[in-house]
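Input: a single structure, listed below in structure tokens.
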Amino acid sequence: MFTYLITKILPLIFSPLGIVLILLIFYIFSKKAKFVYSAFLLLFIFSNGIVSGSLWRFLEYPWKRLDYNVVDTADGIVVLSGGGILPVGRSKVIEWTDPDRFFAGINLYKAEKATKLIFTGGASPLSLNRPPEGDLYLNEAISMGIPRKDIFTTYRVFNTLQEAKAIKKLLNKELNSSQRKIILVTSAFHMKRAKRVFEKEGMNVIPYPVDFKTTDKHSNALRNPLKWMPNATYLKKSSMAIREIIGRIIYGS
């Protein structure tokens, strides 16, 4: 729990909004205008589309969306958590935050790229009453015609490192072999860190990035005046990008 909270709190502190709040606190105690000017400048920089778009291009480089046919076969298709939740109430219908990871795993399986479809049991230690995300994916995959015997899920995991360790244990048990070649499905911005973490656990990773956030060319963005205007959405995107950069630093990738 403590480690989980630290990994969540640190990115908040070093996010643009977190630094702005710190600068404003410094101003309250020092009454020095430079802290207010710095806070204003920081907000302006990270709340425009040019900066947020550049950050996301950096995170997603050099990945490109791949056709299923060009992907090599592997021992298993590993779909990382982060795309669906079970909402509050009695309904058992998944609310998709982003379905790309799930559907990419399904399509790779149907393209016969592996005979095992593996979902990680992503969860939060602060919401233990919710089922792991892998359980939700499993039921959805069965409803789409994937045989139950070919679907696997891990135990509850709270971060990418735990996902990698859980997948390693599962593959050792199921394959009983040192050969662990996987197709790793996750968001493009997360792929570099995830690939590095899984490789450190001894797996041979075939990356299959999805959920791309950048759409237009950088040159087109520069000519769009709306991209230069401060916007809360761009601030959120910049904060998410910085969070991933911090994750890369922590994991050494």
Side-chain angles (χ1 to χ4, degrees), residues 1-12 59 76-88 91-109 114 116-144 146 148 150-171 173-174 180 182-201 203 205 207-213 240 243-244 246-248 250-251 253:
M1 175 68 78
F2 177 76
T3 303
Y4 176 84
L5 290 175
I6 289 297
T7 59
K8 297 301 180 182
I9 292 173
L10 279 179
L12 293 177
L59 291 176
I77 301 162
V78 176
V79 179
L80 301 190
S81 296
I85 59 172
L86 190 64
V88 175
S91 173
K92 299 301 180 183
V93 177
I94 291 179
E95 293 284 351
W96 294 104
T97 55
D98 195 299
D100 282 1
R101 299 184 189 187
F102 173 79
F103 286 115
I106 295 293
N107 289 328
L108 285 166
Y109 174 86
K116 293 179 175 61
L117 180 58
I118 308 169
F119 300 116
T120 60
S124 167
L126 302 178
S127 303
L128 294 178
N129 59 321
R130 297 285 184 91
E133 197 166 312
D135 292 356
L136 306 179
Y137 283 173
L138 182 148
N139 294 328
E140 285 292 306
I142 292 174
S143 72
M144 296 179 69
I146 307 299
R148 175 64 183 87
D150 294 340
I151 309 173
F152 301 83
T153 60
T154 70
Y155 48 79
R156 286 180 182 270
V157 289
F158 304 135
N159 55 44
T160 306
L161 178 59
Q162 289 185 7
E163 285 181 306
K165 290 184 178 296
I167 291 295
K168 180 180 179 179
K169 289 181 180 179
L170 191 152
L171 290 177
K173 177 182 177 181
E174 294 298 329
R180 293 181 293 272
I182 64 168
I183 301 172
L184 184 63
V185 182
T186 190
S187 300
F189 73 91
H190 181 239
M191 180 58 77
K192 183 176 181 180
R193 173 160 60 102
K195 181 175 182 290
R196 179 61 174 163
V197 170
F198 274 76
E199 286 175 340
K200 284 184 177 179
E201 292 299 318
M203 279 167 271
V205 176
Y208 192 84
V210 296
D211 184 26
F212 286 83
K213 304 298 184 184
M240 291 173 61
R243 180 181 181 276
E244 178 61 25
I246 292 173
R248 291 186 180 185
I250 292 174
Y251 286 100
S253 58

*Could you check if a side-chain atom of His190 sits within less than 4.5 angstrom of a side-chain atom of Asp211, using non-hydrogen atoms only?*
no

*Would you say Leu171 and Met203 make side-chain contact, with heavy atoms under 4.5 Å?*
yes

*Do the side chain of Arg148 and the main chain of Ile151 share a donor and acceptor less than 3.5 angstrom apart?*
yes

*Starting from the C-alpha separation in whole Å, work towards a yes-or-no answer on side-chain contact (heavy atoms from CB on, under 4.5 Å) for Glu201 and Leu161.*
CA-CA 9 Å; Glu201 292 299 318; Leu161 178 59; 4.0 Å; yes

*Could you state the interatomic distance from CG (Leu59) to CZ (Arg243), rounded to the nearest 0.5 Å?*
12.0 Å

*By ring-ring contact (aromatic ring centres under 6.0 Å, His included) - contacts of Tyr208 (at least two apart)*: Tyr68

*Point-to-point distance, once rounded to the nearest 0.5 Å, from CG of Leu170 to OG1 of Thr153*: 8.0 Å

*Beyond-backbone contact of Phe103 with Met144, side-chain heavy atoms, under 4.5 angstrom*: yes

*Shortest non-hydrogen contact from Ala114 to Ile77?*
CB-CG1, 3.6 Å

*So which heavy atom on Thr97 is nearest to which on Gly82, and how close?*
OG1-O, 3.8 Å

*Using atom types as modelled and distance alone, determine if a side-chain donor or acceptor of Arg101 lies under 3.5 Å from a backbone N or O of Ser81.*
yes

*Verify side-chain contact (heavy atoms from CB on, under 4.5 Å) between Gln162 and Asn159, making sure each step is shown before the conclusion.*
CA-CA 5 Å; Gln162 289 185 7; Asn159 55 44; 3.3 Å; yes

*Find the distance between CG (Leu80) and OG1 (Thr160) and round it off to the nearest 0.5 Å.*
6.5 Å

*Going by heavy atoms in the side chains, are Pro131 and Leu136 under 4.5 Å from each other?*
yes

*More than 12 heavy atoms of other residues, nucleotides or ligands under 6.0 Å from NZ of Lys213: is that the case?*
yes

*asked:* Is it true that Thr154 and Thr120 share a donor-acceptor pair across their side chains at a distance under 3.5 Å?
replied: no

_Gap between atom OH of Tyr155 and atom NZ of Lys169 - 0.5 Å precision_ = 4.0 Å

*Could you tell me whether the side chain of Glu163 and the main chain of Gly122 form a donor-acceptor pair under 3.5 Å?*
no

*Mind checking the CD1-NZ spacing from Ile182 to Lys195? Nearest 0.5 Å is all I need.*
10.5 Å

*Which heavy-atom pair separates Met191 from Pro207 by the least distance, and what is that distance?*
SD-CB, 3.7 Å

*Quick one: list whatever passes ring-ring contact (aromatic ring centres under 6.0 Å, His included) with Phe198, sequence neighbours left out.*
none

_Just to verify, what does Phe152 make a ring-ring contact (aromatic ring centres under 6.0 Å, His included) with, not counting sequence neighbours?_
none

*asked:* Quick check for you: to the nearest 0.5 Å, what is the distance between Arg193 atom CZ and Glu244 atom CD?
replied: 4.0 Å

_Mutual orientation of the aromatic rings belonging to Tyr137 and Phe102 [parallel < 30°, tilted 30-60°, perpendicular > 60°]_ = tilted

